[in-house]
Protein chains: 2
Amino acid sequence: MLSRSKTVDFLREIPVFSGLEQTALERICMQAHDLDAVKAKLLFVSGDPAEFFYVIKSGWVKLFRETLDGNVAIIDILTTGHMFGETSIFEDGAYPYSAEIVEDAAIIALPLADLKQEIENNQQLALAMLTSMARYRKQQEQEIEHRTMQNAPQRIGCFLLRLTRQNETGPVTIHLPYDKTLLASRLGMQPETFSRALSKLKEATGIRVKGATIELDNLEQLTNYSCAACSSEFPCKDIAASSS
Amino acid sequence: MLSRSKTVDFLREIPVFSGLEQTALERICMQAHDLDAVKAKLLFVSGDPAEFFYVIKSGWVKLFRETLDGNVAIIDILTTGHMFGETSIFEDGAYPYSAEIVEDAAIIALPLADLKQEIENNQQLALAMLTSMARYRKQQEQEIEHRTMQNAPQRIGCFLLRLTRQNETGPVTIHLPYDKTLLASRLGMQPETFSRALSKLKEATGIRVKGATIELDNLEQLTNYSCAACSSEFPCKDIAASSS
DNA sequence: CGAGGGTTTGAAGTGCATCAAATAGTGTGG
DNA sequence: CCACACTATTTGATGCACTTCAAACCCTCG
């Protein structure tokens, strides 16, 4: 079936699956189904029985939980090439967070049972998952550091840098991938703080802001300002997404 | 050799190694050596070539990095049954953080190469590592949430709760495991803030503080106060440490 | 054009950080 | 066992960053 083989091809572009043999990938994709979802759709909520894991072809997805006193904690915001829900393999069979579409998305749903079985029987996949987990872990450490060491304008600058190809020289144009309110909560601040912090960043570094579009003359403008408060070698990398 | 077999016995108590066959554990422990270290000793610094990973028998170890502008970011503070340095398997062969003893410790050093080889050849161990990584990942998510949703007194209360056996009823005595300055940075606040926040917690919940010893009449005192701002089911669990 | 959400701006408050200094606690040598 | 030196902790005063509440503005889309 054509769509099946396209799914296999897509997964092969994702680091965690790229080293697998064709037949292994095909086993995982056997029960795959595509779904298109519009903004604001809830894919699942925390506590739902976990049957599928998901891979994003395009669009943006928000993972979050709600606290007892009614606030919302953002776990992560993901896009093309990212995978989510797969950690339920190591859980009690329920999703530990809710997932909502924040920008219209094309998504592949795959049975967790098939992934689990493949991991248990396929050393290569188990190792690839380990590598992927380790990378994610490192990134979370970085996230914690950012939130404690960087102030609001620096966090925004750092986020912008991670939206670029990080070896670029010369002028760059960045387009914010989702709305500023959500971006604010992604960075752990209020929308009002985001707005003011962006102004401060503009003033401090000379970037130009027009709505969701941001231009800068060179990346150094931002790295000098944002990366001073960080322990990482300059480019704070994000999880390697799809190579596409 | 007696000490060798004791090492094996100790590792077996740690979840990630507990399911391994005796021979596999012995291979990992082949080159083990014990070391006793006093407070303030640096085990390694960020960037050092990574040759060993470590398992803590007793004492406390601080993992940290330094930022370009000279601040210190605490990665984690670990104790009995915890393992560190093992993520260098998935790195470029250098430690991504520094490690310092903060309370006199007995530690086992084991060659990374042996662990790496065993993971690559032993499906069981690879799966156990995956489970362990997933648990750690979940805990880091929690850490991020705590820092954004809880205020300083709540974070302290939550930390105290995680020092208890969480199903206890009736009065409990808690002893702070390391000094308050370090504890403050572990919780992402200044020492002065810690001191004042502890007073506020005392006033709000009725706990009794005498130096590093804290008494409470029951855990509910604290959970009501601290866990409201959190999305987790009551007990915020820590990584399962040694079962000892 | 008008409704509604996203975004910005203003004013005021809160929590935490910072700087400075006092106090408590600990280990040392006498 | 005491006095001293040194560190950990607390307390006070002040400032700044971020939040909160409120209102205006802007943009898009029916």
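Below, all heavy atoms of this structure are taken into account, side chains as well, without hydrogens, waters or symmetry copies. In the text below, chain A, chain B and the rest are named by the order of the sequence lines, each starting its count at 1.
Using a 4.0 Å cut-off between a side-chain N of Lys or Arg and a carboxylate O of Asp or Glu, B:Lys39 and B:Glu100 do not qualify as a salt bridge. A salt bridge is defined here as a Lys NZ or Arg NE, NH1 or NH2 lying under 4.0 Å from an Asp or Glu carboxylate O, and A:Glu86 with B:Arg137 meets this definition. A salt bridge links A:Arg65 with B:Glu145; the closest basic N to acidic carboxylate O contact falls under 4.0 Å. A salt bridge is absent between B:Lys200 and B:Glu203: the closest approach of a Lys/Arg side-chain nitrogen to an acidic carboxylate oxygen does not fall below 4.0 angstrom. One finds no salt bridge joining B:Asp34 and B:Lys6 here, because no Lys/Arg side-chain nitrogen approaches an Asp/Glu carboxylate oxygen to under 4.0 Å. A salt bridge links A:Glu143 with A:Arg147: the closest approach of a Lys/Arg side-chain nitrogen to an acidic carboxylate oxygen falls below 4.0 angstrom. Under 4.0 Å is where a charged nitrogen must lie from a carboxylate oxygen, and between A:Glu141 and A:Lys138 no such pair does.
The nearest whole Å value for the distance from the CD1 atom in B:Ile156 to the C1' atom in C:dG15 is 13 Å. Distance CG (B:Leu201) to P (C:dC16): 12 Å, rounded to an integer number of Å.
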Write down the protein N/O and nucleotide N/O pairs, taken from nucleotides 23-25 of chain C, whose separation is under 3.5 Å; answer none if there are no such pairs.
none

For a quick check, with a 4.0 angstrom heavy-atom cut-off, what is the B/S/- contact string for nucleotides 8-24 of chain D, read 5' to 3'?
-SSBBB----SBBBB--
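Checked by atom type and distance alone, the side chain of B:Thr205 pairs as donor or acceptor with a backbone atom of B:Leu201 at under 3.5 Å.
Of all heavy-atom pairs spanning A:Ala228 and B:Thr67, the tightest one is O-CB, 4.1 Å.
In the helix from C:dC1-D:dG30 to C:dG30-D:dC1, the rotation axis of the first five pairs and that of the last five pairs differ in direction by 30°, rounded to 10 degrees.
Of the candidates B:Thr213, B:Asp217, B:Thr173, B:Asp217 is the only one forming a side-chain hydrogen bond (donor to acceptor under 3.5 Å, both in side chains) with B:Arg208.
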